[in-house]
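Taking it in order: structure first as structure tokens, then the write-up.
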Amino acid sequence: MKNTKKVYIYKGFERFWHWTQALLIMFLALTGFEIHSSYSLFGFETAVNLHNKAAWGFIVLIVFAIFWHITTGEWKQYIPTTKNLKAQIEFYITGIFRNAPHPTKKTLLSKLNPLQRLVYLGLKILIIPVMVVSGLLFMFFRYPQSGMIKTVNIENLEIVALIHTLGAFLLITFLIVHLYLITTGHTITSNLKAMITGWEELEEDTEETKQEN
Amino acid sequence: MQNLRTVITFLLAIVAPLVIITIILRETPADHTLLNNLRETYEIEHKPGVDHSKHEVLQQEFTNPHLITAACLSCHTERGQEVMKNSHWKWEREAYIPGKGVTYLGKKTLINNFCTGISSNEGTCNRCHIGYGWQDKTFDFTNEYNIDCLICHDNTGTYEKARGAAGYPPMGQDAPDYKNILAHVGRPKRNNCGYCHFHGGGGNNVKHGDLELALLTADRTIDVHMGVDGMNMACVTCHTAENHQIQGRYYGVSSSNTQRVTCEQCHTSVPHTNSKINEHTIKVACQTCHIPVYAKVNATKTAWDWSTATQRKDGLPYELLDTSGNETYTSIKGGFHWERMVKPEYIWFNGTADHHMITEKINLDNLPLNINTLNGEYRDRNSKIYPTKIHRGKQPYDPVYLTIIQAKLWDKEVNKGALWVDLDWEAALRTGMEYLDLPYSGTYDFIPTQLFLPVNHMVSLASESVSCSECHTRKDGRLNDLRDFYMPGRDYHVGIDTFGKLMIIFSFIGVLIHGTIRVFASRKNQIK
């Protein structure tokens, strides 16, 4: 057994942001797919109103999150790397069944394994911006004629709607896999506990983990 | 100190989001200022500034209605010339129609798929003309003494026009009580307009479906504006007039997007509290949501099949009634279909229309023939979705010349070729076309036709307007037939939806398999 040390890995705002985002995405999916007529739950009108309000909530949260990432330097966590990428994929395909050790060491300065870096970066700079922009176009579609925003004037909602729908499917797929991967930490619940309390038992590094500033 | 920090963190983490959520979800209270202002404006009852019973010129014993007009014009000296410019008088209007150029169209010249047209039938049809004696092509449209002032301005509700008298009132013994009527003339009331407009097509509510006798006494649930228990508005409150030029369009005869009466002229184009609903007004007419059904009291005729006319039973003409007492068949007119509480059909409409002329060739590959075409499509910036009544007909046409045929329907006497008198199609069609100086090959058949009538009246209570999900639904929504645009809740891309669903299913199966293998593997490892 290697030496472990309890590290305060997820800060307060980080956890607040993560869980609020999680709730909002699930709620947006729930109301969004009702608007898509996949099922009936709140009723179309209520679903639209809730979806739009949650969307604004999400946008506010994103603004705060961006601010946090920039000011704390945490954005560096998402710089993609190919180092260990293959090893990480192999770990999920075979190593994990043999109880092999995680190929990427989780530290305060590098919380994410190369796969996570890639996927989360994709979420942050592609999927979520696309959802936000297409969602805003949805909201302000053809609004110019009622004198609101003069520059946004598109002929047809279809392309916007289809992109938004595709993004929603991708997010749900992400959610399913993400939820499952929570269980692949040192113990089944260690990742979940860490995201709730902020504290996680990490392997002691030769290089001492820095205390939080 | 540590405790205080915990408390503050707790407050920020739990309370702050709640506050934000509450602020976001808070409903903006409805703003009724505009409605209240409108109520105040239209509550003022119009009182005439003149007591006509005090005018000496009106104290005569009138027997000739032309002399009444002369008496009116002796004071209202310019009104005659005004009226003679109005389409109620001319029954035609100048309009530019792309492909046709400048046209003069109206009831005078156009065909429809109710009684098909006035030509050769003026004696009965033109009972609804605001004049006296338009019984054939010789009528003098320049003689202001031919104007019937009273049909619009009698406020007693007792003035009437005689049947089959080309616009004249009953004469002699049956003449209206002119003394009383002339003492009570004024601004047109509901029943003045309704005398003709409620009876278009030959009976109450036959033609429009949203204009009928019930509007004289209906409450707000039938018509929120005219309801006698509400604002009790008159037709002319909205259909305002300046110098006898009355605002409003009936697209069975109108062609251009001018002089229309709109909801927006009072209510503005963004009257809702919810911006999402206001946004709809760019593409959806007010009427579309606010008139969920029409013909709310009495049924309206939705189909008219002329091809079955002239049948006899035991050698005699006959008629059939449905359980509500509506005629479903008469030998003189053929078969009918009636409907009550009708859901409108929806079309794109930009306020311009085209009309099928009796001289125009019919394209038999494109049936039913549109008697009128209301222009519009999604991509057209001026188009909105409108509720319409589509009246479906089957009417006579000439299979050789490929034109609609005007039948002579009515006459006072037998053997003059009138269908309603002689029950003889051949003679009626020949006589009708001869009257118009138009060619008729001698053979006839029937083709399906349709006439589009936008529904504008019988606005429902706000609480009864069409709900979102009546259109935003996958199947059988109200806008099911309008397919030239993407509507959330109705439309989806089969490829994207299938791909998305498969992605979800596979990722779910994937993690399930992965998880199962992990469980077995860990057991195995433990045993080791």
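In what follows, every chain begins at residue 1, and chains take the letters A, B, ... in the order their sequences are listed.
Scanning all heavy atoms of the two residues, the minimum distance from B/R518 to A/T184 falls at NH1-CG2, 3.3 Å. Heavy atoms only, all atoms of each residue included: B/D491 and A/H36 are closest at O-CE1, 4.4 Å. Considering all non-hydrogen atoms of both residues, A/S37 and B/T473 come closest at OG-CA, 4.1 Å. Taking all atoms of both residues into account, the shortest heavy-atom contact from A/F44 to B/S469 is CB-CB, 4.0 Å. For B/P488 against A/F138, the heavy-atom pair with the smallest separation is CG-CE2, 3.6 Å. A/V177 and B/V511 get closest at one heavy-atom pair: CA-CG1, 4.1 Å.
Listed options A/L175, A/I172, A/L162 were ranked by heavy-atom pairs under 4.5 angstrom with chain B; first place goes to A/L162. Top candidate by heavy-atom pairs under 4.5 Å with chain B, chosen from A/N99, A/I96, A/N52, A/L170, is A/I96. Annotation: maximal heavy-atom pairing with chain B below 4.5 Å, among A/I93, A/I35, A/L181, A/V48, occurs at A/I35.
B/L512 places none of its side-chain heavy atoms less than 4.5 Å from the side chain of A/Y180. Residues A/F169 and B/I504 form a side-chain contact, since some pair of their non-hydrogen atoms from C-beta on lies under 4.5 Å apart. A 4.5 Å side-chain heavy-atom check between A/V160 and B/Y486 finds every atom pair outside the cut-off.
If you measure heavy-atom distances from A/S40 to chain B, you find no contacts under 4.5 Å at all. Heavy atoms closer than 4.5 Å to chain A are found nowhere in B/F506, neither backbone nor side chain. For B/I277, the part lying under 4.5 angstrom from a heavy atom of chain A is the side chain only. For A/L179, no part lies near chain B; criterion is any non-hydrogen pair under 4.5 Å. Neither the backbone nor the side chain of A/R15 comes within contact range of chain B; no heavy atoms are under 4.5 Å apart.
Within 6.0 Å of atom CD in B/E345, more than 12 heavy atoms from other residues, nucleotides or ligands are found, so the atom counts as buried in its surroundings. Residue-environment remark: CZ (B/F508) stays at or below the threshold of 12 foreign heavy atoms within 6.0 Å. With a 6.0 Å radius and a threshold of 12 heavy atoms from other residues, nucleotides or ligands, A/I188 has its CD1 atom at or below the threshold.
To the nearest 0.5 Å, the span separating NE2 on B/H493 from CD on A/E158 amounts to 7.5 Å. Atom CD1 of residue A/I176 and atom CE of residue B/M503 lie 9.0 Å apart, to the nearest 0.5 angstrom. Once rounded to the nearest 0.5 Å, the distance linking CD1 of A/I163 with CD1 of B/I496 reads 8.0 Å.
The aromatic rings of A/F97 and B/H514 sit tilted relative to each other, their planes meeting at an angle between 30° and 60°.
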